[in-house]
Amino acid sequence: MNIDLTKDAVSTAKKLIGCRLYTIASDGTRVGGIITETEAYNQDDAASHSYKGKTPRTEVMFGPAGHIYVYFTYGMHWCMNIVVGEEGRGEAVLIRALLPDSGLDIIRKRRNNKQDHELTNGPAKVCQALSVTGADNGAELNKGRFVLLSPKHALVFEATERIGITKDRHRLWRFVAK
DNA sequence: CTATAGATAATCT
DNA sequence: GATTATCTATAGG
């Protein structure tokens with residue numbers, strides 16, 4: 001992994017498109033694939049959990065880059081971010097979608113045998129497929145069960161408005177591979 | 001294919 | 001008490 005995660009959230013969110021993200025299953029299988037959709041959040045952004053400063057929930061966001069920030073939402077879903085930027089700035093990149101390329105059997109099982117195009121095309125689906133929960137909050141990439149690898153090939157992407165937010169909609173901080 | 005309702009609990013006001 | 005960085009099932013075109 002040679003991506004520099006200590007740059008700002010917007011540029012890092014773009015660089016993460018095409019990277020490969022996996023978690024290691026209990027049998028050693030790598031489960032995950034190529035990141036195809038990300039969103040950037042930082043402390044100046046009213047849509048960000050870090051906007052109002054450090055709280056018990058957002059503590060990890062204000063820690064060092066390269067750790068995982070996991071949050072629970074809508075009463076039933078987990079979503080995962082990669083903490084980026086300089087420590088203390090409260091920046092992170094939400095992993096919204098993957099193109100699975102490893103551990104497909106495990107992913108299908110965890111995702112209740114959904115159609116292939118619906119396995120990991122949403123942030124809570126990614127967490128379910130990679131078995132990420134609140135227990136993983138604060139974990140460090142490439143140390144424990146999380147693996148992040150550089151892209152094999154650069155991907156073309158576009159910038160759009162972020163999904164599911166009501167504040168600061170105008171920022172084009174969602175990045176989607178074409 | 002699009003549109004919409006309902007589920008359901010942590011977090012913050 | 002309101003909001004929420006969502007997903008699924010279902011109804012309709």
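Each chain gets a letter, A, B and so on, in the order the sequences are listed, and its residues count up from 1. Remember, it's a predicted structure, so these values are computed and weren't measured experimentally.
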* To do: Return the stacking result for C:dA5 and A:Tyr41: yes when the ring centres lie under 5.5 Å apart and the planes under 30°, no otherwise.
  =>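 Answer is yes, a stack.
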
* Asked: If you measure from the ring centre of A:Tyr74 to the centre of the six-membered ring in the base of C:dC7, is it under 5.5 Å, with the planes under 30° apart?
  ->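 A:Tyr74 vs C:dC7: stacking no.
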
* Asked: Between A:Glu161 and A:Arg174, is the closest basic N to carboxylate O distance under 4.0 Å?
  ->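 No.
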
Nearest whole angstrom, please: distance from the [atom2] of [N] to the [atom1] of [X].
X: A:Tyr51; N: B:dC12; atom1: OH; atom2: P; value: 15 Å
X: A:His117; N: C:dT8; atom1: NE2; atom2: P; value: 11 Å
X: A:Ile163; N: C:dT4; atom1: CD1; atom2: P; value: 15 Å
X: A:Tyr69; N: B:dT11; atom1: OH; atom2: C1'; value: 10 Å

* **Pairing partner (Watson-Crick or G-U wobble, both distances under 3.5 angstrom) of C:dT8** =>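 Here C:dT8 is engaged in a pair, and the nucleotide opposite it is B:dA5.
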
Select one nucleotide: of [options], the one nearest the side-chain heavy atoms of [X].
X: A:Ala124; options: C:dT4, C:dA5, C:dC7; value: C:dC7
X: A:Lys125; options: C:dT6, B:dA9, C:dT8; value: C:dT8
X: A:His77; options: C:dA5, C:dC7, C:dA9; value: C:dC7
X: A:Met76; options: B:dA10, C:dT6, B:dA7; value: B:dA7
X: A:Ser48; options: C:dC7, B:dC12, C:dA5; value: C:dA5
X: A:Arg111; options: C:dT8, B:dA9, C:dA5; value: C:dT8
X: A:Arg96; options: C:dC7, B:dT13, C:dT6; value: C:dT6
X: A:Cys79; options: C:dC7, C:dT6, B:dC12; value: C:dT6

When you check the phosphate oxygens OP1 and OP2 of [N], does a side-chain N or O of [X] lie under 4.0 Å from one of them?
X: A:Lys52; N: B:dT13; result: yes
X: A:Thr73; N: B:dA9; result: no
X: A:His49; N: C:dA5; result: yes

* Asked: Counting only N and O atoms by type, is there a donor-acceptor contact under 3.5 Å from the side chain of A:Asn81 to the main-chain atoms of A:Val83?
  ->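 Judged by distance alone, no pair lies under 3.5 Å.
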
* Donor-acceptor pair, side chain of A:Glu39 and main chain of A:Ile163, under 3.5 angstrom ->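 Such a contact is found between A:Glu39 side chain and A:Ile163 backbone.
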
* **Residue mapping more 5' on DNA chain C - nearest nucleotide basis, A:Ile165 or A:Asn112** =>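 Comparing both residues, the 5'-ward one is A:Ile165.
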
* When the nearest nucleotide of DNA chain C is assigned to A:Glu118 and to A:Leu94 on a heavy-atom basis, which residue is associated with the more 5' position? ->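 The residue whose closest nucleotide sits nearer the 5' end is A:Leu94.
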
* Asked: Do other residues, nucleotides or ligands put more than 12 heavy atoms under 6.0 Å from A:Arg20 CZ?
  ->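 More than 12 heavy atoms, drawn from other residues, nucleotides or ligands, come within 6.0 Å of this atom.
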
* Asked: Do A:Arg162's NZ or CZ and the ring of A:Tyr41 fall within the cation-pi criteria of under 6.0 Å and 45°?
  ->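 Yes, A:Arg162 sits over the ring of A:Tyr41.
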
* Reckon A:Arg57 touches a base, only the sugar-phosphate, or nothing at all at heavy-atom distances under 4.0 Å? ->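 Sugar-phosphate, backbone atoms only, no base.
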
* To do: Please test A:Gln43 against A:Phe62 for side-chain contact (heavy atoms from CB on, under 4.5 Å), starting from the C-alpha separation and ending with a verdict.
  => CA-CA 10 Å; A:Gln43 198 175 3; A:Phe62 288 90; 3.7 Å; yes

